[in-house]
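Beneath this line is the structure, given in structure tokens, with notes to follow.
Residue numbers begin at 1 in each chain, while the letters A, B, ... track the order of the sequences.
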Amino acid sequence: MSFSVPPTLEAELDELATHYPQKRSASLMFLHAFQEHFGHVPREAVEWTARKLGLQPINVYELVTFYPMFRQQPVGKTHIKVCRTLSCALAGSAELREHFCQKLGLDSHKHTPQTTADGKFTVEFVECLASCGTAPVVMVNDDLLEKVTVTEADRVLASGKK
Amino acid sequence: MPEQFKMILKHADSAGYTPDMACYLRHGGYESLKKALATPARTLPDGKTQSPQEVVRDEVLKSGLRGRGGAGFSAGLKWSFVDRRSGKPIYLICNADESEPGTFKDRQIIYKDPHQLVEGMIISCWANDVKLAYIYIRGEMPNGAKLLNQALKDARANGFLGKNILGTGYDLEIYVHRGAGAYICGEETGLIESLEGKRAYPRIKPPYFPAVLGLYMCPTIVNNVETLCHVRHIVAMGSGEYAKLGTPNNTGTRIVSLSGDVQKPGYFEIEVGKVTIGQLIFDANFGGGLKPGRTLKAIIPGGSSSKVLKAGEVFKLNRKGADGQMTKVDVPLLDLPYDFDSLQGAGTMSGSGAIIVMDDTRSMVDSLANLSAFYAHESCGQCTPCREGALWLAKGLHRLEHGEGRKEDADYLTHIAQNIQGRTICAFGEAASWPVLSFVKKFRDEFEARGAADEAARASGAGPTPERKLAASPQP
Ligand SMILES: Cc1cc2nc3c(=O)[nH]c(=O)nc-3n(C[C@H](O)[C@H](O)[C@H](O)COP(=O)(O)O)c2cc1C
Ligand code: SF4
Ligand code: FES
């Protein structure tokens, strides 16, 4: 895939850069915008961001590796993030993740995000999503699902298979 | 029976209330901003005059408002530390990282009543001569960021934000900045680094107190979402009326996040100190009690970093008698008023206002293992004691969790935790150590029994004991 930044995206980025008295501040927001556009942060986006903001590529690359939300590889179309932390764990989130993995033929013993071979799903354990009162919670792409039951988990899988 | 006292969440959950400008205006929105901007200067008894901004800052100080983000520090005092003579711009940052496990209160404000936060921020910015401010929202709230952006856009369109606000000549811009999944961005100096486009490595204090050397090395105020919302109400009702809410030195209301083993987990806004921990857990107006047949084992009272409290504990607290004398009285856990000072008196903290309840079916070893895995994952890695220690704690607990424990693990864990706390750049070191120190101290039997059982199993050649589960399965 050849890398290019479409004019609308570039306009959005230019506008974001105006929010800060020092350009470097915009780098996180640039990476978010790229990840939304490409589904992940390609190497070229890191270099492009560095050029645009007058930084060394390492200044941007080190953000991609530090912040857990940024990814350098594509993920599944349906990205399932199961909360791992205590309140959700008390409500069965480990078993819920296990259920997702089992249904999708993924290895639940691996701790890193798992993606199905057909590229449809990624299942990941994440830390507290600030919705502990409705545990267990799961984020499916940008949406938060609360008090997730096995039935609801199966619904997520069914709609992602389509 | 005590009830909720809804001030911040007065409208958020009422039927038909929506997060848009029109709805907010129908409910008296931005009236406090107008009132603040119209504050007259005043002359004090000693002949000194206070500018309108100083008057509002003074009101916030007198209200007794304490930060709702974690440390419970006086908001007015924090504002008074701001270096106003440096000639540098002053920045304000709203901490909307909401990353302390157990906490889900700022989310309610952001998603249901974003304009309340925006109004509180504009007033706070005006009172502190701030021209540029940011809302740092955690990355996992993408829709919250959209709602806030829309709210800011509408505030601009209505003349509440931008150039020449409501014709007063005051200019202010507020932008939303998104984090990307790192807990340490909640720590204010880590947050500032992150906002500067760097890894969220907290800065050492001194010298980097945000009030003097904050964002771009300029004076900076960092306040929690809920704290900033309170400013709006202090302006509306006046500091005197506000300070009547709650209890002395613990004024106002507070949103408590209640999760874990209760019948009705959820968020409850209370007058600070007017409701006890027992009432929060057991009353029908709040948590509604434990699940049938269960008994209370432990509670984490102020977010995952606070020291655990054990069912049946009794604390010695200072109480002011009718004669004004301070005496020590015995207060059982369930009778502890939920406020900053009582929790501190009990050797822990009310932190972010998040209570996690654990009943008798839960293993303290496995619960702690869960939390320690969180801290091992989230250490930013700058300080060796924290980076290595948090990992060792997690590994030691992982062993205990998976049937490979040793009798001496209780001492081992305590030893490591003691060597992290107090030796690090930021308070994350304490956040990672305190749960370990308190769990092991208060539930030592459980840790030792687990280690002994594992050793016995190994000695008898039975191999590691099978994996234990922290929870029952999720609902079908
Ligand atoms: C490890 C760590 C994590 C924190 N996370 C948060 C957070 O998610 N939200 C928050 O408002 N404050 C958090 N704080 C507290 C902030 O550093 C800061 O004290 C607070 O935002 C100040 O606001 P307040 O005075 O209005 O409470 C955290 C502190 C530490 C040490
Ligand atoms: S205590 Fe931990 S989180 Fe804080 S600066 Fe040191 S390594 Fe980073
Ligand atoms: S523990 Fe899962 S949302 Fe907080």
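Note on A/S25, A/P21, A/S27: by heavy-atom pairs under 4.5 Å with chain B, the leading option is A/S25. No other option in B/P101, B/S257, B/G266 has as many heavy-atom pairs under 4.5 Å with chain A as B/P101. With chain A as the partner, the residue from B/P89, B/G181, B/C380 showing the most heavy-atom pairs under 4.5 Å is B/G181. In terms of heavy-atom pairs under 4.5 Å with chain B, the best-connected choice from A/K147, A/H32, A/H99, A/K23 is A/H32. Between chain A and the options B/H377, B/K105, B/K264, B/E196, the largest number of non-hydrogen pairs under 4.5 Å is found for B/E196. Your options are B/E98, B/M141, B/K198, and the one with the most heavy-atom pairs under 4.5 Å with chain A is B/K198. Between chain A and the options B/R178, B/E140, B/E100, B/E378, heavy-atom pairs under 4.5 Å are most frequent for B/R178. Between chain B and the residues A/D143, A/T85, A/L31, the most heavy-atom pairs under 4.5 angstrom are made by A/T85. Ranked by heavy-atom pairs under 4.5 Å with chain B, the first of A/A26, A/A135, A/S87, A/A94 is A/S87. When B/A354, B/G381, B/S194 are compared by the number of non-hydrogen pairs under 4.5 Å with chain A, B/S194 comes out ahead.
By the 4.5 Å heavy-atom criterion applied to side chains, A/C88 and A/V137 are counted as neighbours. Counting only heavy atoms from C-beta outward, the side chains of A/D107 and A/C101 never approach each other to under 4.5 Å. Between A/E47 and A/V60 there is no side-chain heavy-atom pair separated by less than 4.5 Å. Residues A/E127 and B/Y183 have side chains not in contact (no heavy-atom distance under 4.5 Å, counting atoms from C-beta outward). With a 4.5 Å cut-off on side-chain heavy atoms, B/F428 and B/Y375 count as touching. Side-chain contact check for A/S131 versus A/L144: some heavy-atom pair is nearer than 4.5 Å. Looking only at side-chain heavy atoms (C-beta outward), A/L13 and A/F34 come within less than 4.5 Å of each other.
In this structure, the ring of A/F38 has its center less than 6.0 angstrom from the ring center of A/F3. Ring centroids of B/H177 and A/Y20 are separated by less than 6.0 Å, placing the two rings close together.
Residues of residues 154-162 of chain A having a heavy atom under 4.5 Å from any heavy atom of chain B: none. At a heavy-atom cut-off of under 4.5 Å, chain B is reached by no residue from residues 111-120 of chain A. Scanning residues 63-72 of chain A against chain B with a 4.5 Å heavy-atom cutoff picks out A/L63, A/T65, A/F66, A/Y67, A/P68, A/M69, A/F70, ordered by number.
B/R387 meets the salt bridge (charged side-chain N to carboxylate O under 4.0 Å, His left out) test with no other residue; sequence neighbours excluded.
The backbone N or O of B/G197 sits nowhere less than 3.5 Å from a side-chain atom of A/N59 that would complete a donor-acceptor pair.
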